[in-house]
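Data first, discussion second: the structure below is written as structure tokens.
Atoms within each ligand, like the ligands themselves, are counted from 1 in listed order. Basis for what follows: all heavy atoms, side chains included, without hydrogens, waters or symmetry-related copies. What you see is a predicted model, and the numbers here were worked out from it, not measured in a lab.
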Amino acid sequence: MGQTLTEKILDDHLVEGELETGEEIGIEIDQVLTQDTTGTLVWLQFEALGLDEVQTELAAQYCDHQTYQFDFKNTDDHRFLRSAAGTFGAHFSRPGNGICHNVHKENFAAPGKTLLGSDSHTPTPGGLGELAIGSGGLDVAVAMGGGPYYIEMPEVVNVRLEGELPEWATAKDIILEMLRRLSVKGGVGKIFEYTGPGADSLSVPERTTITNMGTELGATSSLFGTDEKTEEYLSRQGRGDEYVELSPDDDAEYDDELVIDLSDLEPLIAQPSMPDNVVPVREVAGQSVDQVIVGSCTNGGYEDILPAAKMLEDRQINKKTEMIVAPGSKQASEILAREGWTAEMMAAGVNFSEATCGACIGIGHVPASDSVSLRTFNRNFEGRSGIEDDNVYLCSPEVAAAAALKGEIIDPRDLADELGDLEDPGFEMPDQYDGSKADLIAPDEAVDDGLVKGPNIGDVPLKDPLDAHLEGEVHLKMEDNITTDHIIPATQDILMYRSNIPKLSEFTLSRVDDTFAERALEGDGGFLVAGENYGQGSSREHAALCPMYLGIEGVLAQSFARIHKANLFNFGLLPLTIDEDTYSKIEQGDDIEIVDDVSEAVDSGQEEFTIRVNDDWEATGHLDASERERRILSAGGKLSLTRQQYEDS
Ligand code: F3S
């Protein structure tokens with residue numbers, strides 16, 4: 001039987017297990033990436049593990065999420081990250097050089113390699129045949145030390161793209177269509193492999209828009225094969241020699257298949273406040289638009305901004321709408337400036353931001369209250385823009401530029417009819433991606449002498465081994481689809497404490513209940529209860545670490561998002577799945593006791609746990625964990641276990 005492309009790459013990197021769906025496998029990691037909000041912890045953990053040198057082929061530290069140096073804390077973090085990259089042997093990308101996924105794609109991503117990153121949109125380079133997976137930072141620290149990365153072998157789903165995109169429909173509409181069909185849970189435990197003539201027709205930047213936003217489906221990763229388009233992209237980046245031809249076998253067997261005929265697509269838009277709330281643009285046309293932003297790791301490339309620039313050429317944006325362009329990388333900014341497009345857009349009324357995540361996580365360009373903002377980003381969770389009553393829509397750069405011109409949501413096809421001389425700008429790459437590398441510091445160019453830690457950078461808290469007896473109050477009961485943004489908001493006022501866990505923990509779940517952190521810290525142990533898909537969203541491990549610091553022992557949820565569940569194990573929190581009936585009966589403030597000897601049950605492979613509620617009624621909680629995850633849980637988390645293993649070896 002032939003192999004899928006996913007299986008081929010995994011086979012090349014397999015160090016433990018077999019490629020059977022649902023079985024745990026260990027794979028060797030070639031490249032790692034980390035960014036500033038997760039990176040400080042990654043390096044503190046790397047240091048706590050007693051490691052002194054990066055063991056992977058390549059490691060890269062980016063500064064992209066919190067680049068504005070409001071006060072000393074961010075600047076201290078950036079300095080610490082530069083010193084850690086230099087000390088341990090990673091590339092360092094300075095603040096302002098761009099978003100990790102964009103800069104990684106431009107400089108390092110390579111077909112056939114494996115990449116592990118402490119950012120949920122790490123799968124972006126799947127568009128050029130790299131198998132890239134997002135994880136918690138501790139997994140990244142361990143992989144960087146040469147350890148395997150463990151994962152349950154996902155289902156591999158073939159997404160067959162037929163036909164070609166019609167005028168004004170873009171790669172963004174392909175992934176929005178996937179979200180419309182499958183929802184934010186539709187990709188959990190899956191890798192999507194895109195094939196077919198429609199996939200062949202897309203360029204690498206278009207493919208990476210799709211693989212980037214596969215994360216919104218909950219997918220483990222997304223992947224395209226390689227071809228002359230991949231080779232062309234790498235050559236124009238000056239890395240043609242890294243090209244490798246990769247494709248699935250003709251007789252590969254997939255776990256599932258899905259067909260999208262691209263010629264049926266039209267401009268789509270995700271309405272507030274979920275990326276799967278997708279409708280045709282025409283269904284929501286006519287709404288007044290206050291703000292438009294083109295950028296982010298999804299649509300912040302030169303190739304994404306250029307169509308908007310062409311649409312604005314010799315025109316002016318509507319007086320009631322603000323438009324901001326936030327390039328994904330300095331390379332994109334440089335080429336746009338050199339070709340004159342920056343001046344052209346400025347003349348049309350556009351303002352530029354530095355190359356940063358910024359507005360994507362509510363740092364800068366926060367919309368006015370209860371106003372409409374159209375963004376080319378990948379997420380529009382409520383409050384992520386920096387204000388609770390936001391109305392953020394997600395769309396292509398073409399739809400965003402059309403809205404800026406009209407001052408209201410409009411299908412660009414209808415705007416073209418209105419204006420008479422507006423043409424579909426199409427897709428174009430520069431002949432050469434010739435941005436400078438001044439902001440990328442290679443390991444052999446390191447400028448610091450050892451680690452430099454400012455006063456806001458603390459140690460990583462460690463947890464004791466798992467107790468035999470777990471009992472405590474339900475400190476918070478939550479609904480479905482709680483995101484890691486709900487657990488630890490990534491806004492500027494909070495993010496600055498990412499290396500100071502006691503302070504950061506004060507903000508835990510404050511967006512759900514602002515008394516939670518205080519109550520949890522005062523309580524002796526305790527639990528969180530949630531509905532479906534708990535912990536979806538970003539990979540931030542602070543969302544597990546901070547509840548652990550506050551004394552939370554376990555989470556009872558109807559289901560968990562993949563990365564967050566791994567993070568719960570990594571920080572020694574017991575994740576038990578409960579059924580809908582149990583969920584609806586448990587109330588906030590109830591007393592929970594796990595009747596079993598928990599540490600013994602975890603060690604022995606027991607899957608069902610008896611939960612006694614208020615000493616009154618009982619229910620069953622299910623622990624779905626591999627042998628390795630059980631060892632981690634038992635030891636009080638991965639840091640404790642790995643330290644122990646290094647000490648013993
Ligand atoms: Fe940054 Fe937003 Fe992407 S935070 S990494 S631009 S999802």
key: Minimum heavy-atom distance Met323-Ala404, with the two atoms named   =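 Smallest interatomic distance, heavy atoms only, reads SD-CB, 3.5 Å.
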query = Stepwise, does the side chain to side chain contact (heavy atoms under 4.5 Å, CB included) test hold for Thr484 with His542?
reply = CA-CA 9 Å; Thr484 47; His542 293 99; over 6 Å; no
With heavy atoms of [X] as the reference, note each atom of ligand 1 found under 4.0 Å away.
X: Ile99; result: 5 (S), 6 (S)
X: Asn378; result: 7 (S)
X: His65; result: 1 (Fe), 4 (S), 5 (S)

Test log, rule side-chain hydrogen bond (donor to acceptor under 3.5 Å, both in side chains), inputs Glu106 and Ser329 = CA-CA 9 Å; Glu106 292 162 3; Ser329 71; 2.6 Å; yes
request  = Would you mind checking which non-hydrogen protein atom is closest to atom 1 (Fe) of ligand 1, with the distance to 0.1 Å?
outcome  =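 The closest heavy atom on the protein side is Cys357 SG, 2.3 Å.
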request  = Identify which one of Thr342, Val292, Ile305, Val325 satisfies the side chain to side chain contact (heavy atoms under 4.5 Å, CB included) criterion when paired with Val350.
outcome  =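 When Thr342, Val292, Ile305, Val325 are each tested with Val350, the side chain to side chain contact (heavy atoms under 4.5 Å, CB included) holds only for Val325.
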request  = Pick, from His121, Arg384, His101, the option with the minimum heavy-atom distance to atom 5 (S) of ligand 1.
outcome  =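 Residue with the shortest heavy-atom distance to the ligand atom: His101.
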Contact check: Cys360 to atom 2 (Fe) of ligand 1, N/O/S below 2.8 Å =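 Yes.
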ask   = Where's the contact between Thr298 and ligand 1, heavy-atom distance under 4.0 Å: side chain, backbone, both or neither?
value =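 Under 4.0 Å from ligand 1, Thr298 contributes no heavy atoms.
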query = Counting only heavy atoms, which portion of Asp64 has something under 4.0 Å from ligand 1: side chain, backbone, both, or neither?
reply =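 No part of Asp64 comes within reach of ligand 1.
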query = Any side-chain heavy atom of Arg94 sitting closer than 4.5 Å to one from Thr67?
reply =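 In short, these two side chains do not touch, never coming nearer than 4.5 Å.
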query = Would you call Arg562 and Ile133 a side-chain contact if the rule is heavy atoms closer than 4.5 Å?
reply =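 Yes, their side chains come closer than 4.5 Å.
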task = Apply the test side chain to side chain contact (heavy atoms under 4.5 Å, CB included) to residues Lys113 and Glu57: give CA-CA distance (whole Å), side-chain angles for both, the deciding distance (0.1 Å), then the verdict.
result = CA-CA 10 Å; Lys113 300 283 183 193; Glu57 285 175 17; 3.1 Å; yes
key: Cys297 N/O/S atom closer than 2.8 Å to atom 3 (Fe) of ligand 1   =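 Under 2.8 Å: Cys297 contacts atom 3 (Fe) of ligand 1 through an N, O or S atom.
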